[in-house]
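Take a look at the structure set out below.
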Amino acid sequence: MVDQITTTVQLSALRAGVRAKFIEGPMDTLVERDLDYIITNIEDFKNGAASPRRGIIAYGPSGTGKTTAIRHAVAKRSEFQPHLNEHGELVPRSIYLKLSSQCSSAIDVIRALLREMNLPTEGNKEELERELKNQVRERQISLIHLDELQHAVRSNTAKAFEAIQDLLKEMLDRDDWHLHMILSGMPRIHNMRADGQIHRRTFVLPFHCMDPEADDKWVEKLLVETAVNFCGLTLDNELLTPEFRERLCLSMNGAWGKLIEFIQGASFRAVAHNRKVLKKTDFTREFERVSGFSDDENIFLAKNFRDIDLSDLRFGMED
């Protein structure tokens, strides 16, 4: 019984440790480039000559790694880390806010940001927006990252959609403070740039799903980093072939983040069964668990795997 408890504790610690690891991906260089731009543009603002483009719209299907890549990059930058104010209080220079499905209007977004700053949220839209702007400046917040922004721009009414656009324009066009914003979410958030002023004030950072052939080296990196370097497993020879990596990539529609989770699941399965070698069977069973597909439709078993319709697994990946 003691051995079983110890094993359970060790497995839990392994899972937590592996899930906390970060794997550099194909988008990280572009994210770093855009953060370099933001930092430079903040300095330009202080010198009176900033570019009007003070927002980054990062969009792409669910599971492509947007949130993880951006948050990891921001966390490395000293310019966005907490600082001591004149009262000796530690205050943030950046805010990350994951919008819930309840944030479907401009005032919802304003209230969510005020709550993030532990401020009251009673009042009408004009009062709260004014308070938000004042607090951002007083607290010297340089960057706001609004994640899952698709919730706020899903409204079926043009008026509500325009209210979100107007709020973002107001935040990005301040003369009295150098606030920059990263807006991330599903592909539909790109529609905000149909407004000419938002188009002029933002850059785009599209995240795409990987292509099995063009991105084979990245898929191989995910497999080796997760299974071998993080979980201490050896890869069975069958997992070393280009065809297996193609099946692997297709299994999660090439979504970077979903692939990481999937490889982790297969690796944890092998470790839980006290095996040192990761095999195709582990991926076969993990795919069965994730998809609910039969063996005939299992991408790791079927001969015609390229013809399998994985549209059910794209749920939540597209608008």
Side-chain angles (χ1 to χ4, degrees), residues 19-20 22-23 25 27-28 30-35 37-39 53-77 79-82 92-119 121 132 135-136 139 141-155 160-161 163-165 167-172 179-193 198 201-209 255-258 260-261 315-319:
R19 286 169 178 156
F22 180 80
I23 303 176
M27 291 299 297
D28 292 308
L30 297 178
V31 173
E32 295 285 357
R33 174 205 65 188
D34 285 353
L35 284 182
Y37 166 80
I38 288 175
I39 291 168
R53 296 189 188 272
R54 289 159 61 177
I56 306 294
I57 297 181
Y59 65 93
S62 175
T64 47
K66 301 180 295 295
T67 301
T68 301
I70 294 169
R71 295 196 71 185
H72 179 80
V74 171
K76 295 191 300 181
R77 300 302 184 105
E79 292 87 352
F80 302 127
Q81 301 316 303
R93 283 196 179 97
S94 65
I95 292 177
Y96 167 77
L97 177 63
K98 181 179 180 180
L99 299 177
S100 74
S101 59
Q102 305 303 312
C103 285
S104 57
S105 67
I107 194 168
D108 290 337
V109 175
I110 294 170
R111 284 178 171 147
L113 282 167
L114 290 172
R115 279 194 296 271
E116 190 67 20
M117 290 186 277
N118 297 312
L119 294 169
T121 59
L132 174 62
Q135 290 294 331
V136 165
R139 295 174 182 230
I141 293 171
S142 298
L143 178 67
I144 293 178
H145 176 191
L146 293 180
D147 196 12
E148 304 291 356
L149 189 64
Q150 70 272 5
H151 296 311
V153 300
R154 69 185 179 188
S155 176
F161 185 80
I164 291 290
Q165 290 177 312
L167 172 63
L168 296 176
K169 285 185 287 187
E170 287 290 327
M171 298 295 286
L172 292 171
L179 177 69
H180 284 61
M181 299 183 76
I182 298 176
L183 312 169
S184 59
M186 299 285 276
R188 78 173 72 129
I189 72 171
H190 184 259
N191 295 336
M192 289 188 301
R193 296 190 90 229
I198 291 183
R201 290 175 173 84
T202 59
F203 288 111
V204 294
L205 182 60
F207 281 68
H208 302 290
C209 292
W256 178 264
K258 288 183 181 292
I260 291 175
E261 293 173 5
F315 180 77
M317 291 186 67
E318 301 172 353
D319 288 325

Problem - Derivation and outcome, side chain to side chain contact (heavy atoms under 4.5 Å, CB included), residues Leu205 and Arg33 - result: CA-CA 11 Å; Leu205 182 60; Arg33 174 205 65 188; 4.1 Å; yes
Practice task
Report the C-alpha separation of Arg77 and Glu32 in whole Å, then their side-chain angles, then the decisive distance to 0.1 Å, and conclude whether the salt bridge (Lys or Arg N to Asp or Glu O under 4.0 Å) test is met.
Solution key: CA-CA 10 Å; Arg77 300 302 184 105; Glu32 295 285 357; 2.6 Å; yes
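Heavy atoms from other residues, nucleotides or ligands lying under 6.0 Å from NZ of Lys169 number more than 12.
Rounded to the nearest 0.5 Å, atoms CD1 (Ile95) and CD (Glu116) are 6.5 Å apart. Here CG of Leu168 is found 11.0 Å from CZ of Arg201. Values are rounded to the nearest 0.5 Å. To the nearest 0.5 Å, atom OG1 of residue Thr121 and atom CZ of residue Arg115 are 5.5 Å apart. Taken from CG in Leu35 to CG in Leu30, the straight-line distance is 11.5 Å, to the nearest 0.5 Å. In this structure, CG on Leu172 lies 7.5 Å from CD1 on Ile198, to the nearest 0.5 angstrom. In this structure, Met181 CE and Thr202 OG1 are separated by 11.5 Å, a value rounded to the nearest 0.5 Å.
When side chains are defined from C-beta on, Val153 does not count as touching Asn191, because their heavy atoms never get closer than 4.5 Å. Between Arg54 and His180 there is a side-chain heavy-atom pair separated by less than 4.5 Å. Side-chain contact between Tyr96 and Ile182: absent, with no pair of heavy atoms (C-beta onward) separated by less than 4.5 Å. Residues Ser62 and Met186 are in side-chain contact: their nearest non-hydrogen atoms beyond the backbone lie under 4.5 Å apart. Looking only at side-chain heavy atoms (C-beta outward), Asp108 and Gln102 stay at 4.5 Å or farther from each other. Between Ile144 and Val136 the shortest side-chain heavy-atom distance falls below 4.5 Å. Between Leu113 and Leu146, the closest side-chain pair of non-hydrogen atoms falls below 4.5 Å. Using a 4.5 Å heavy-atom threshold, the side chains of Met117 and Leu132 count as touching.
Shown here for Ala112 and Cys103, the closest heavy-atom pair between the two residues is CB-SG, 4.0 Å. Closest of all the heavy-atom pairs between Ser184 and Ile189 is C-CD1, 3.6 Å. Taking each heavy atom of Ala106 and Ala163 in turn, the nearest pair found is CB-O, 3.7 Å. A pairwise comparison of heavy atoms in Phe22 and Asp28 identifies CZ-OD1, 3.4 Å as the closest pair. Nearest heavy-atom pair across Leu99 and Ala152 is CD1-CB, 4.2 Å. Considering all non-hydrogen atoms of both residues, Phe80 and Ser94 come closest at O-OG, 3.1 Å.
Of the possible polar contacts, one joining the Gln81 side chain to the Val74 backbone as a donor-acceptor pair under 3.5 Å is found. Between the side chain of Thr64 and the backbone N or O of Pro61, at least one donor-acceptor pair lies under 3.5 Å. With hydrogens and angles ignored, the 3.5 Å screen pairs no side-chain donor or acceptor of Arg53 with any backbone N or O of Phe203. In this structure a side-chain-to-backbone donor-acceptor pair under 3.5 Å is missing from Lys66 to Ala58. With hydrogens and angles ignored, the 3.5 Å screen pairs no side-chain donor or acceptor of Asp34 with any backbone N or O of Val31.
With sequence neighbours excluded, the residues that form a side-chain contact (heavy atoms from CB on, under 4.5 Å) with Pro82 are Leu90. Applying the side chain to side chain donor-acceptor pair (under 3.5 Å) rule to Arg71 yields no partners; only residues at least two apart in sequence or on another chain are considered. Partners of Tyr59 under the ring-ring contact (aromatic ring centres under 6.0 Å, His included) rule, at least two apart in sequence or in another chain, are His190.
Inspection of the Ser100 and His151 side chains reveals no N or O donor paired with an N or O acceptor under 3.5 Å.
Checking Val204, Ile38, Leu143 one by one against Ile56, the side-chain contact (heavy atoms from CB on, under 4.5 Å) holds for a single residue, Ile38.
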